[in-house]
Q: 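Shown below is the structure under consideration.
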Amino acid sequence: MVLSQAEKQRRYRLKRDTDPSRREQYLRNERERYKMLKGVGKKKNRDEMTKRELRSKRKYWKNYKRDLRKRQTNMKNILTPPGSPHTNDEQAVQEEGVPVALQENVPGPSRQNIASKRKRKREKAKVYRKNKLLIRKLEESNRRVQMYRMRFLNDTLSNLFVKFKAENNDKIGFITFWTLKPYWIRKATEKERETCLCKCCENVGLIADCLKKAKIVETANLESLVKETVCSMDNLDCMYGNCLDCKQSTVKLTVEDKNDEVTWSQWQTKKIKKTFKGGDEKELSVTVKEKESASIEKATEKLHELLRPSYSRHLFNIKNQYKHYKTLKETLSQTECLIHVDFSENYSCKMSKEIQSMHFGASLPQISLHTGYYVTKDMDTIRSFCGVSDSLRHDPQSIWAYMLPILNEIKDLYPFVEYLHFYSDGPTSQYRQKINFYLLSTMPFELGFTGACWNFHEAGHGKGIPDGIGGSIKRSADRQVSFGADILTADAFIKSIETGTKIKLYEVKEPDVLEVDKRIPIPLKTIPGTMKIHQIFTESERKLRYRGISCIDVHCSDHLCDSFEFSAGGGTDEAKLINKSEPLVSTSTPYTDLNLEIKNSYKKDVILQRKMEKDKTCQNKNSSLLQTLQQCGSFEHLQITCLESITETLHGKDRFIEKDNFAIDNRSMKLFPDDVCTDKTLFPVQVRADGNCLPACGSVFVFGNDSYADEIRAHIIKELSLNKKFYLDKNYLSNAFGTDDQNKNILKSFAMYSDEYTHGVVLTERSIEDIYEREIMQIRNSKTYMGIWQIFALASVIRRPIVSVYPKKGNPNVRKDLYRRIEPMEKDSDKPLYIMWTSTRLDMNNNYWVPNHFVPLLEPVEIIPDANNCLHKYVIVDYESTPYPGYVEDVDSSDVYVVCMQRLERDIKKNVFYWPKAVKDKCWYNYSRILAIISKPKKIKGSSSNYEVDPEIWTKTLSRLQY
């Protein structure tokens with residue numbers, strides 16, 4: 001009998017264990033092997049195992065014991081009768097080599113045999129499961145393929161069942177007929193309608209379908225028909241009808257009788273006369289789909305007329321523009337940015353609950369949506385955006401009003417971008433027209449870009465990502481309305497959906513569009529062949545180059561460009577700027593103020609030059625003062641020099657962004673915290689970011705600009721050096737905050753925030769004093785960064801309280817120490833000034849954020865009511881010490897004529913008003929009785945006639961009147 005390997009091993013172990021010496025040697029080897037495995041880490045005690053290894057081992061022990069108990073149970077249940085005894089035990093041992101006693105109970109299969117069977121079963125089960133998975137995937141794939149072959153019912157199932165019974169003799173009922181209907185054949189819904197189709201493609205397709213049904217042409221596929229008539233679909237001359245070889249080519253026709261009549265539909269634009277209420281009659285243009293009938297000969301002539309070269313040119317432009325669009329995205333350079341924009345269909349405002357007259361009437365307003373995205377080479381994903389406005393203008397001025405916030409964002413986040421690529425569809429009322437071309441040739445250069453290019457998709461084929469963005473945010477808005485929100489304004493639209501979308505939403509107001517209006521000179525020259533332009537680009541101001549198709553290479557010799565230049569004043573030298581809030585003046589009127597404008601411009605230049613010379617003189621003086629302080633060899637010497645050299649007293653003043661010509665710091669605006677305790681509207685403004693930022697903030701408050709940073713630095717050094725005992729006094733620092741400070745070690749914290757602090761040094765009174773003195777000696781150098789001690793000193797220098805504003809980033813304990821109000825030793829006013837800690841870096845996350853820059857926080861504008869800023873504005877007037885909002889209808893040199901709103905309740909503090917309908921409340925008020933110029937009062941949610949003034953302005957007004 002041939003023995004298996006398992007049986008051979010079993011007999012080998014049996015012989016080994018019967019010999020005591022071999023048994024002892026085997027155990028010794030096993031002990032040594034165990035020590036070796038434990039030494040290399042393959043064998044571990046329970047204490048040495050990880051939690052995961054211990055769980056795995058316990059699972060193994062559990063399974064092993066279970067299998068052992070199972071085997072033992074099976075062995076007990078074996079009822080095999082004992083074998084016959086051998087007559088000669090020695091002969092049995094010699095023949096079999098196994099003692100007779102061990103042959104009485106023959107065991108079952110070996111462990112290896114069982115393991116191999118289990119392995120084979122596992123592999124079979126694995127293959128079975130894999131096959132089942134592949135079958136399911138195949139079925140799902142087939143089902144998905146069938147979905148692409150979706151068909152829609154063109155009648156009801158009951159009517160189709162009647163037709164089926166009339167054509168077939170099968171005896172089946174309606175239920176069976178309904179059950180046997182394939183799932184990919186279903187009833188069409190509203191969203192299955194095809195809208196925004198191309199008129200050119202549809203008209204050619206309709207006549208081709210008609211001829212295909214009449215079996216006159218072999219296919220109704222338009223590309224196949226064009227391919228029959230040209231040499232190459234990639235050749236511009238062939239597709240434009242300029243190739244001599246294929247110019248006269250026609251589609252292959254199968255015609256039996258040319259006089260047979262066929263009928264097809266065509267989309268056409270017609271003029272109709274309509275009579276309105278009152279008897280007025282007007283002529284309107286409408287688009288209709290009408291049926292046409294003609295002989296086959298006339299129909300084929302019509303097909304060839306539409307197909308060549310009109311449709312072939314249209315098809316070539318479609319493919320070329322999409323190919324250029326794709327290539328442009330893939331080959332953007334480091335300094336280029338692609339922007340794709342489009343107007344979405346206006347959003348019809350909705351309310352969760354509407355009365356019948358509002359729902360069916362014209363009471364609900366609309367909101368304009370300008371959608372798009374931009375992408376640069378370094379961006380992983382596109383940045384989607386949507387401009388929202390209550391203004392329904394879709395002209396070039398509104399387009400650039402929507403684009404300005406995006407272009408500023410690109411300039412801030414990606415300063416290396418120099419060239420802009422725009423893409424859009426080509427309606428002549430919006431993008432493809434002379435005003436947009438003029439703004440393209442001017443505004444990018446004003447924003448700091450070196451050039452721009454605008455590409456247009458072929459007419460009727462401009463759908464893309466911006467349309468998807470518009471659909472997405474409209475669905476989000478409708479979802480919020482279903483949840484109970486009311487969306488009646490652009491501001492409400494943004495607030496309702498901005499938290500649930502990654503799309504950047506921003507509001508554009510009517511004044512923003514009017515500002516762009518003022519940039520347009522009239523009349524503007526029209527670029528010849530505007531309708532055929534698909535690419536227009538500019539590399540210098542007011543100079544344009546354009547061509548009929550887009551090409552990646554601006555200087556491509558295969559696609560020649562035409563040039564065009566706008567004159568500085570528009571179409572003529574006597575052009576006037578557009579201002580849509582005023583009637584246009586005839587351009588034939590001489591521009592008599594031109595010389596006066598030149599004189600004023602020259603005068604401004606002279607004043608600016610003198611101011612720059614004065615600033616330069618002051619800077620030289622302050623630089624020499626700092627050089628004097630830098631020559632001091634010790635802190636005591638510095639104190640004496642400061643006492644003798646700096647004697648002037650400075651005074652901080654309130655500054656305003658528009659009045660003092662400051663620019664808002666957009667990067668810091670993103671860090672502005674929402675817990676600033678003030679009733680003001682504050683914005684961070686730009687100051688120098690060269691290490692002189694904190695003294696530059698002081699220069700802004702004292703002198704109105706950041707040119708005197710060195711003088712402020714010298715005053716800060718004097719304040720810190722002469723009043724050292726105060727700035728090293730823990731009680732003074734805590735009291736200066738104006739609040740109960742919870743940090744008992746505030747002095748140590750300030751020392752640790754210093755650049756002179758070394759990590760690990762034990763902070764004692766002497767070591768803190770040493771850090772303080774070394775920091776003062778260090779900040780004598782211009783463009784050296786300052787910190788919290790210097791903000792304390794600056795408050796005393798300019799004699800005004802300072803609120804040190806710290807963003808909600810980084811270590812919260814640091815923010816608790818640095819975000820406080822700081823009181824000066826002597827002050828001119830209790831009204832504080834605001835300085836914010838910020839950073840010029842973009843590579844830090846919230847947890848590890850640290851500041852490296854300071855900016856002042858200013859109010860936008862100080863409004864003093866006068867004839868120039870009150871007319872046609874909303875105001876709050878003081879009538880017998882009671883505030884009323886109203887609208888200014890007229891002004892003169894001393895008074896304003898205001899139509900006032902009425903108060904709904906007697907409580908003066910209630911901010912609820914309405915416009916009286918029967919008797920208007922009109923009256924003349926002196927300018928001194930105008931309390932505030934405000935924005936238009938907003939409707940109160942849920943009310944159709946009640947309004948409220950901006951709550952912050954109303955609270956300020958009441959406090960001014962001491963209510």
Side-chain angles (χ1 to χ4, degrees), residues 317-342 370-387 399-400 402-426 431-432 436-437 439-458 461-470 502-504 506 533-541 543-559 561 666-667 842-843:
N317 290 342
I318 294 169
K319 291 191 172 184
N320 182 79
Q321 295 307 106
Y322 277 116
K323 182 180 179 181
H324 175 264
Y325 179 70
K326 181 180 179 182
T327 307
L328 181 61
K329 286 183 69 175
E330 294 173 349
T331 59
L332 278 177
S333 67
Q334 192 79 19
T335 59
E336 294 177 325
C337 177
L338 171 63
I339 308 172
H340 189 180
V341 294
D342 192 9
H370 189 253
T371 58
Y373 76 91
Y374 69 84
V375 65
T376 65
K377 184 177 181 180
D378 294 337
M379 293 172 61
D380 296 329
T381 58
I382 64 173
R383 171 67 161 150
S384 304
F385 59 84
C386 177
I399 291 168
W400 283 92
Y402 286 114
M403 289 306 305
L404 278 174
I406 301 303
L407 297 181
N408 287 324
E409 178 180 300
I410 294 172
K411 204 62 184 173
D412 289 340
L413 299 181
Y414 307 97
F416 47 81
V417 171
E418 299 176 354
Y419 198 90
L420 302 173
H421 291 278
F422 292 94
Y423 241 105
S424 70
D425 52 3
Y431 300 107
R432 187 155 44 187
N436 189 46
F437 297 158
L439 293 171
L440 175 69
S441 67
T442 55
M443 295 194 70
F445 299 102
E446 295 176 11
L447 296 172
F449 297 99
T450 60
C453 175
W454 202 300
N455 299 275
F456 303 99
H457 284 293
E458 180 67 359
H461 295 270
K463 299 303 176 187
I465 294 176
D467 298 278
I469 295 171
K502 294 183 179 179
I503 300 170
K504 174 184 173 64
Y506 59 96
I533 294 175
H534 283 86
Q535 185 178 46
I536 186 166
F537 46 90
T538 177
E539 293 176 344
S540 59
E541 196 166 354
K543 294 182 180 179
L544 293 165
R545 298 171 68 197
Y546 60 94
R547 53 190 167 202
I549 60 172
S550 294
C551 182
I552 290 293
D553 185 5
V554 174
H555 305 285
C556 177
S557 59
D558 295 333
H559 306 99
C561 299
N666 294 320
R667 183 182 288 111
L842 300 174
D843 57 344

Q: Does any non-hydrogen side-chain atom of Cys337 lie less than 4.5 Å from one of Tyr419?
A: no
Q: For Lys543, is there any backbone N or O sitting under 3.5 Å from a side-chain donor or acceptor partner on Thr538?
A: yes
Q: Under 3.5 Å, is there a donor-acceptor pair between the side chain of Thr450 and the main chain of Glu418?
A: yes
Q: Should Lys504 and Glu409 count as an ion pair when the cut-off is N to O under 4.0 Å?
A: yes
Q: Indicate yes or no: at least one non-hydrogen side-chain atom of Tyr373 is less than 4.5 angstrom from one of Leu338.
A: yes
Q: Are the ring centres of Tyr431 and Trp400 closer than 6.0 Å?
A: no
Q: A side-chain contact here means heavy atoms from C-beta on lying under 4.5 Å apart; do Gln334 and Asp378 qualify?
A: yes
Q: What distance do Ile399 atom CD1 and Leu404 atom CG have between them, rounded to the nearest 0.5 Å?
A: 12.0 Å
Q: Looking only at side-chain N and O atoms, does Gln321 offer a donor or acceptor that is under 3.5 Å from a partner on His534?
A: no
Q: Of all the heavy-atom pairs spanning Thr371 and Pro466, show the shortest one and how long it is.
A: OG1-O, 2.9 Å
Q: Taking atom CG of Asp412 and atom CZ of Arg667, what is their separation to the nearest 0.5 Å?
A: 6.0 Å
Q: A cation-pi test, strictly: NZ or CZ of Arg383 under 6.0 Å from the centre of the six-membered ring of Tyr374 and no more than 45 degrees from its axis. Yes or no?
A: no
Q: Decide yes or no for Met403 and His370: does some side-chain heavy atom of the first lie under 4.5 Å from some side-chain heavy atom of the second?
A: yes
Q: Within this structure, what is the OG1-NZ distance for the pair Thr331 and Lys326, rounded to the nearest 0.5 Å?
A: 12.0 Å
Q: Which residues satisfy the ring pair (Phe, Tyr, Trp, His ring centres under 6.0 Å) test with Tyr423, sequence neighbours excluded?
A: His324, Tyr325, His457
Q: Which heavy atom of Lys377 sits nearest to which heavy atom of Leu332, and what is that distance?
A: CD-O, 3.3 Å
Q: Any non-hydrogen side-chain atom of His421 less than 4.5 Å from a side-chain atom of Leu328?
A: yes
Q: Any side-chain heavy atom of Tyr402 sitting closer than 4.5 Å to one from Tyr506?
A: yes
Q: Kindly give the heavy-atom pair with the smallest separation between His461 and Ile318, and that separation in Å.
A: NE2-CD1, 3.2 Å
Q: Side chains of Ser333 and Glu336: donor-acceptor distance under 3.5 Å anywhere?
A: yes
Q: Is the backbone of Cys561 close enough, under 3.5 Å, to the side chain of Arg547 for a donor and an acceptor to pair up by distance?
A: no
Q: Can you sort out the partners of Glu446 under salt bridge (charged side-chain N to carboxylate O under 4.0 Å, His left out), two or more places apart, ordered by chain and number?
A: Arg519
Q: Indicate whether any N or O donor in one side chain lies under 3.5 Å from an N or O acceptor in the other, for Asn436 and Trp454.
A: no
Q: Side chains of Asn455 and Ser550: is there a donor and an acceptor less than 3.5 Å apart?
A: yes
Q: Drop me the distance from Leu420's CG to Leu440's CG, to the nearest 0.5 angstrom.
A: 9.0 Å
Q: Quick check for you: to the nearest 0.5 Å, what is the distance between Met379 atom CE and Leu413 atom CG?
A: 8.5 Å
Q: So, taking the atom named CD1 in Ile533 and the one named CG in Leu544, what distance separates them when rounded to the nearest 0.5 Å?
A: 8.5 Å
Q: So Val375 and Ile339, do their side chains get closer than 4.5 Å, heavy atoms only?
A: no
Q: Decide yes or no for Arg432 and Phe437: does some side-chain heavy atom of the first lie under 4.5 Å from some side-chain heavy atom of the second?
A: yes
Q: For a quick test of reading the model, state the closest non-hydrogen atom pair linking Asp342 to Gly462 and the distance between them.
A: OD2-O, 4.5 Å
Q: With sequence neighbours left out, what residues match Lys463 under salt bridge (charged side-chain N to carboxylate O under 4.0 Å, His left out)?
A: Asp467
Q: Quick one, Phe449 with Val417, criterion side-chain contact (heavy atoms from CB on, under 4.5 Å). Give me CA distance, side-chain angles, the key distance, then yes/no.
A: CA-CA 8 Å; Phe449 297 99; Val417 171; 4.1 Å; yes
